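Owing to the predicted nature of the structure, the values given are computational and were not obtained by experimental measurement.
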Amino acid sequence: MCDTCGCTQPDDAVTIRTPEEMHAHEHEHTHAHPHTHTHSDTHTHDQGVAHAHAHVHVHPHTHDHGHTHAHGEAQDHTHDHHTHDHGHPHEHEHRHGESHTHTHNPSGYRSIVVETDILAKNNIRAERNRGYFEAKFIRALNLVSSPGSGKTSLLERTIRELAGRIPLAVIEGDQQTMNDANRIREAGAPVVQVNTGNGCHLDADMVHRAMDKLQPIEGSLLMIENVGNLVCPSLFDLGEETRVVIMSVTEGEDKPQKYPNMFRSSQLCVINKIDLLPYLDFDLEKAKDYALQVNPNLHFIELSVKTGEGFEDWISWLTTAKKH
């Protein structure tokens with residue numbers, strides 16, 4: 001669970017798929033519909049007071065129907081069906097003027113919440129990831145930014161620029177859709193999409209599971225595009241070699257001051273969309289100064305994915321910076 005916003009997903013609610021696993025007729029849908037029913041009954045308390053209850057039960061329940069259809073003459077359907085949580089509160093109206101609210105738990109079990117150090121668990125997994133990367137001579141970069149900074153466009157151009165020079169694979173993180181994974185596949189790199197559902201960040205275990213599916217080759221460059229969010233991803237070590245924070249000139253130069261943890265925990269800052277500088281009030285030097293106030297060791301690359309200006313600096317950094 002994220003200590004900052006409390007977002008969480010059960011492990012089995014996170015989906016990890018390649019574009020090839022999606023086929024033309026796969027569809028997912030969610031039914032979220034509360035239903036209400038009313039009944040009344042009469043019973044007698046130990047004190048001998050008989051009264052009637054008007055019960056209103058509200059059952060929030062969700063149907064997750066991830067199912068695959070293979071339509072032919074024989075229509076084979078495979079469905080993963082739903083679970084219901086029927087713990088429900090209800091109110092009683094008493095004839096003798098009393099009212100109270102309690103919760104029924106038909107299972108008879110009590111729930112006990114146990115707090116654990118989630119980050120400690122994540123950090124252990126991150127160290128295992130790091131050991132795997134080092135053993136395989138895989139250079140892993142964790143790309144973090146706010147939504148719309150141009151991470152996926154940066155990756156697309158990078159894949160094309162490095163084609164035939166360095167093997168490159170991508171783990172895409174997003175809450176929903178396969179859109180980014182499809183773009184990366186079109187650019188020519190193997191890719192796995194991690195959909196986090198309600199989660200606002202990738203964690204080390206998601207990356208571990210994605211690597212099991214992706215199987216990046218020895219000596220490759222692994223790009224991990226995190227969920228667009230400048231807050232929570234800063235908390236989670238994925239086992240990467242370098243964290244690269246990407247900002248664009250359309251966002252405002254004070255982003256490093258607003259989100260210091262992200263810039264403090266990163267080693268490289270890519271400032272994208274510099275082709276738009278003549279049309280904006282963005283002060284490039286002020287932005288870099290703000291970032292250096294947060295992290296004096298931060299390095300910068302200024303570029304435009306659209307025009308290619310400055311892109312050679314990024315490619316040079318990728319091909320000559322630290323390797324295991």
Donor-acceptor pair, side chain of [X] and main chain of [Y], under 3.5 angstrom:
X: Asn195; Y: Ile16; value: no
X: Gln193; Y: Ala181; value: yes
X: Ser149; Y: Ser145; value: no
X: Arg130; Y: Glu240; value: yes
X: Asn272; Y: Met247; value: no
X: Asn122; Y: Ala204; value: yes

Can you give each donor-acceptor pair under 3.5 Å made by side-chain atoms of residues 158-173, sequence neighbours left out, with the distance rounded to 0.1 Å?
{"from": "Thr158", "atom 1": "OG1", "to": "Leu154", "atom 2": "O", "distance (Å)": "2.6"}
{"from": "Thr158", "atom 1": "OG1", "to": "Trp314", "atom 2": "NE1", "distance (Å)": "2.8"}
{"from": "Glu161", "atom 1": "OE2", "to": "Arg157", "atom 2": "NE", "distance (Å)": "3.4"}

Practice task
Quick one: do Asp254 and Gln257 satisfy side chain to side chain contact (heavy atoms under 4.5 Å, CB included)? Show the steps, please.
Solution key: CA-CA 5 Å; Asp254 58 350; Gln257 291 185 319; 4.2 Å; yes
Practice task
Decide yes or no on side-chain hydrogen bond (donor to acceptor under 3.5 Å, both in side chains) for Ser234 and Asn261, but give the supporting numbers first.
Solution key: CA-CA 6 Å; Ser234 68; Asn261 288 338; 4.8 Å; no
Compare every heavy atom of [Y] with every heavy atom of [X], then report the nearest pair and how far apart it is.
X: Asp275; Y: Lys306; value: OD2-CD, 4.0 Å
X: Leu202; Y: Val227; value: N-CG2, 4.3 Å
X: Gly239; Y: Asn129; value: CA-CB, 4.3 Å
X: Phe236; Y: Asp203; value: CD2-CB, 3.8 Å
X: Ser265; Y: Met262; value: OG-O, 3.2 Å
X: Phe263; Y: Cys269; value: CE2-SG, 4.1 Å

For the residue pair [X] and [Y], establish whether any side-chain heavy-atom pair is separated by less than 4.5 Å.
X: Val244; Y: Val270; answer: yes
X: Phe133; Y: Glu241; answer: no
X: Leu303; Y: Asp313; answer: no
X: Pro19; Y: Val191; answer: yes
X: Asp174; Y: Thr196; answer: no
X: Ile217; Y: Ile138; answer: no
X: Phe300; Y: Ile271; answer: yes
X: Glu309; Y: Ile274; answer: yes

Problem - By side chain to side chain contact (heavy atoms under 4.5 Å, CB included) - contacts of Ser153 (at least two apart) - result: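 Glu156, Arg183, Val305.
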Handout entry: By side chain to side chain contact (heavy atoms under 4.5 Å, CB included) - contacts of Gln267 (at least two apart)
Key =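 Residues passing side chain to side chain contact (heavy atoms under 4.5 Å, CB included) with Gln267: Thr242, Arg243.
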Return the [atom1] to [atom2] distance between [X] and [Y], rounded to the nearest 0.5 Å.
X: Met206; Y: Ile224; atom1: CE; atom2: CD1; value: 12.5 Å
X: Tyr132; Y: Leu222; atom1: OH; atom2: CG; value: 9.5 Å
X: Ile315; Y: Glu312; atom1: CD1; atom2: CD; value: 9.5 Å
X: Lys136; Y: Gln215; atom1: NZ; atom2: CD; value: 8.0 Å
X: Arg17; Y: Met178; atom1: CZ; atom2: CE; value: 5.5 Å
X: Leu318; Y: Thr320; atom1: CG; atom2: OG1; value: 8.5 Å

Problem - Step-by-step side chain to side chain contact (heavy atoms under 4.5 Å, CB included) determination, Thr18 to Leu214 - result: CA-CA 8 Å; Thr18 66; Leu214 185 61; over 6 Å; no
Practice task
Flag yes if more than 12 heavy atoms outside Asp281 fall under 6.0 Å of its CG atom; otherwise flag no.
Solution key: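 12 or below, so no.
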Exercise for the section: Using the side chain to side chain contact (heavy atoms under 4.5 Å, CB included) rule, take Val245 and Leu230 through it: C-alpha gap first, then chi angles, then the decisive distance, then the call. Expected result: CA-CA 9 Å; Val245 60; Leu230 279 175; 4.1 Å; yes
What side-chain donor-acceptor pairs closer than 3.5 Å can you find for residues 284-294, not counting sequence neighbours?
{"from": "Lys288", "atom 1": "NZ", "to": "Glu302", "atom 2": "OE2", "distance (Å)": "2.7"}
{"from": "Asp289", "atom 1": "OD2", "to": "Gln293", "atom 2": "NE2", "distance (Å)": "2.9"}

Problem - Salt-bridge present (Arg125, Asp205; N to O < 4.0 Å) - result: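 Result for this pair is yes, salt bridge flagged.
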Problem - Contacts of Glu253 that satisfy salt bridge (charged side-chain N to carboxylate O under 4.0 Å, His left out) - sequence neighbours left out - result: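 By the salt bridge (charged side-chain N to carboxylate O under 4.0 Å, His left out) rule, Glu253 matches no residue at all.
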Handout entry: No-hydrogen, no-angle side-chain donor-acceptor test under 3.5 Å, Ser146 and Glu251
Key =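 Ser146 vs Glu251: donor-acceptor pair found between side chains.
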Handout entry: side-chain hydrogen bond (donor to acceptor under 3.5 Å, both in side chains) contacts in which one or both residues fall within residues 222-232, not counting sequence neighbours
Key =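 Non-adjacent pairs meeting side-chain hydrogen bond (donor to acceptor under 3.5 Å, both in side chains): Asn142-Asn226, Thr152-Glu225.
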